[in-house]
Student: 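I'd like to ask some things about the structure below.
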2 protein chains.
Amino acid sequence: MADRLQLELGDYLPYLINRVGAALVDRFVAEKLSGAGLGIADWRVLVVLSTRGAQRQVDVAEQTSIDVSTLSRLIARMVRNGFVTRERAPHNNREVLVQLTAKGRAVMDRLIPHGRQLETIAVEGLNERELDIVRRSLRQMYGNLTQRPAGDTPQGSVSKRSARKGV
Amino acid sequence: MADRLQLELGDYLPYLINRVGAALVDRFVAEKLSGAGLGIADWRVLVVLSTRGAQRQVDVAEQTSIDVSTLSRLIARMVRNGFVTRERAPHNNREVLVQLTAKGRAVMDRLIPHGRQLETIAVEGLNERELDIVRRSLRQMYGNLTQRPAGDTPQGSVSKRSARKGV
DNA sequence: TTACAACAATTGCAAATGCACCTATGGTGT
DNA sequence: ACACCATAGGTGCATTTGCAATTGTTGTAA
């Protein structure tokens, strides 16, 4: 009888994270991406490519939590729209490397400062020490959550499995 | 020339939040919800109802970041499956009050402890002080992000506009 | 009271999503 | 060399999604 079977939403981290994530997406889509003809998924793909360079689709999928089949079609559209290229990897004929075009790079050069600015708006009122704790805590949480629950894949391979929905 | 036009993903809060959110959803869906025949959206609706009692659909939509039209269909399915009831509000014939059935309550009594446990797993390695800062920071961020950007709706109405995608 | 605006919920419809399956290539062990 | 499994990517198809109406209701101002 100790514990009321409720969740205090204002304290429940999954809820808080979902809300902040949704608010971030809402604002960025409404204020910046729509105008550029992009969706949030496009933005995430472009960020990964612009920050980490050419990638295989499967790796982009892993880093964005977008399903590989969805991503396949998404990249096809982005190729049609001229933001990225998709070409077979040298010396490996089943992999495909996706990378930014000049146009994609240009769009990101314009959008990234806005992305930074959104973060700045979001963290207004927090000091550096708190911000640092938040960042480190989120990284730690991600690690905790992506650890094998018990005896899952006994052998090697650090991660690989992931993404069901886009949260 | 000062700023390289990139985002350090490991430090970029929107990215971190998206990743942690996705990881939380992945695990909870895979480990608990699938088995109960529920999706993440059902869970979010049930949490809101079980924590805050009977609600209008529009308010549930606001609190879950689910679009009202999507929610309308979602609730219809949940009614068919016996988790909630939907009945017109007394003295107001255009509103509908959604609330848990005994079955819905029972499912939540079983799931909520798992929801708590997931949070516990996620925050392993963080101390109370850090946890407190993370919670307060997220609440603050949500507030910062949902403030009117400038001169948006000069008159009344605190919020109302929201949710585009489900993040 | 009679218009008219705001609001809550629903529905039509096209687009997006994700699972299951398929194809093609690469790697491994015998 | 061969069979075999794992991997990367793409497709078919049913379901889900969300925007734009549409319907019905309430509130309010002339």
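Within every chain, numbering begins at 1; the chains are lettered A, B, ... in the order of the sequence lines, protein sequences first and strands thereafter. Nothing here was measured: the structure is a model prediction, and the numbers come from that model.
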Student: What residues, two or more places apart in sequence or in another chain, satisfy salt bridge (charged side-chain N to carboxylate O under 4.0 Å, His left out) together with A:Arg139?
Tutor: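 Expected list: B:Asp11.
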Student: Rounded to the nearest Å, what distance is computed from the CG atom of residue B:Asn92 to the P atom of nucleotide D:dG24?
Tutor: 16 Å
Student: So how far is it from A:Arg136 CZ to B:Glu130 CD, rounded to the nearest 0.5 Å?
Tutor: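 Answer for the CZ-CD pair, A:Arg136 versus B:Glu130, is 6.0 Å.
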Student: Angle between the end axes of the helix from C:dT1-D:dA30 to C:dT30-D:dA1, five pairs per end, to the nearest 10 degrees?
Tutor: 20°
Student: Got a sec, which residues hit side-chain hydrogen bond (donor to acceptor under 3.5 Å, both in side chains) with A:Asn81, two or more places apart in sequence or on another chain?
Tutor: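 Partners of A:Asn81 by the side-chain hydrogen bond (donor to acceptor under 3.5 Å, both in side chains) criterion come out as none, since no residue qualifies.
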Student: Which of these, A:Val134, A:Val20, A:Leu16, A:Val25, sits in a side-chain contact (heavy atoms from CB on, under 4.5 Å) with B:Ile17?
Tutor: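 Testing B:Ile17 for a side-chain contact (heavy atoms from CB on, under 4.5 Å) against A:Val134, A:Val20, A:Leu16, A:Val25 leaves exactly one candidate, A:Val20.
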Student: I need the full list of salt bridge (charged side-chain N to carboxylate O under 4.0 Å, His left out) pairs touching residues 81-100 of chain A, with sequence neighbours left out, sorted by first then second residue.
Tutor: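 Sorted result for residues 81-100 of chain A: A:Arg56-A:Glu95.
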Student: Would you kindly give the CD-to-C1' distance between B:Glu87 and C:dA9, to the nearest whole Å?
Tutor: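 Nearest whole value for this atom pair: 16 Å.
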Student: Could you give all pairs that pass the ring pair (Phe, Tyr, Trp, His ring centres under 6.0 Å) test and reach residues 39-90 of chain A, with sequence neighbours left out?
Tutor: A:Phe28-A:Trp43
Student: Take the protein atom CZ of A:Arg77 and the nucleotide atom C1' of C:dT17, then report the distance between them rounded to whole Å.
Tutor: 12 Å
Student: Without decimals, in angstroms, what is the distance between A:Asn93 CG and C:dT25 P?
Tutor: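 In whole Å, C:dT25 P and A:Asn93 CG are 6 Å from each other.
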Student: I need the CG-C1' distance between A:Leu71 and C:dA16, as an integer number of Å.
Tutor: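 After rounding, the reported distance stands at 13 Å.
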Student: Taking side-chain hydrogen bond (donor to acceptor under 3.5 Å, both in side chains) as the definition, give me every residue that meets it alongside B:Ser69, ordered by chain and number, with sequence neighbours left out.
Tutor: B:Asp67
Student: From CD1 of A:Ile75 over to P of C:dT17, roughly how many Å is that when rounded to an integer?
Tutor: 13 Å
Student: Rounding to an integer number of Å, can you tell me how far B:His91 NE2 sits from D:dG27 C1'?
Tutor: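 Interatomic distance, NE2 of B:His91 to C1' of D:dG27: 17 Å.
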Student: Can you pull out every salt bridge (charged side-chain N to carboxylate O under 4.0 Å, His left out) where at least one residue sits in residues 12-23 of chain A? Sequence neighbours excluded, please.
Tutor: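 Listed by first then second residue: A:Arg19-B:Glu62.
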Student: Report the distance from atom CD1 of A:Ile40 to atom C1' of C:dT17, rounded to the nearest whole Å.
Tutor: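 About 16 Å, once rounded to whole Å.
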Student: Can you give one letter per nucleotide of nucleotides 9-14 of chain D, 5' to 3': B if a protein heavy atom sits under 4.0 Å from the base, S if only from the sugar-phosphate, - if neither?
Tutor: SSBBB-
Student: Would you mind listing every salt bridge (charged side-chain N to carboxylate O under 4.0 Å, His left out) that reaches into residues 118-129 of chain B, with sequence neighbours excluded?
Tutor: B:Glu119-B:Arg135
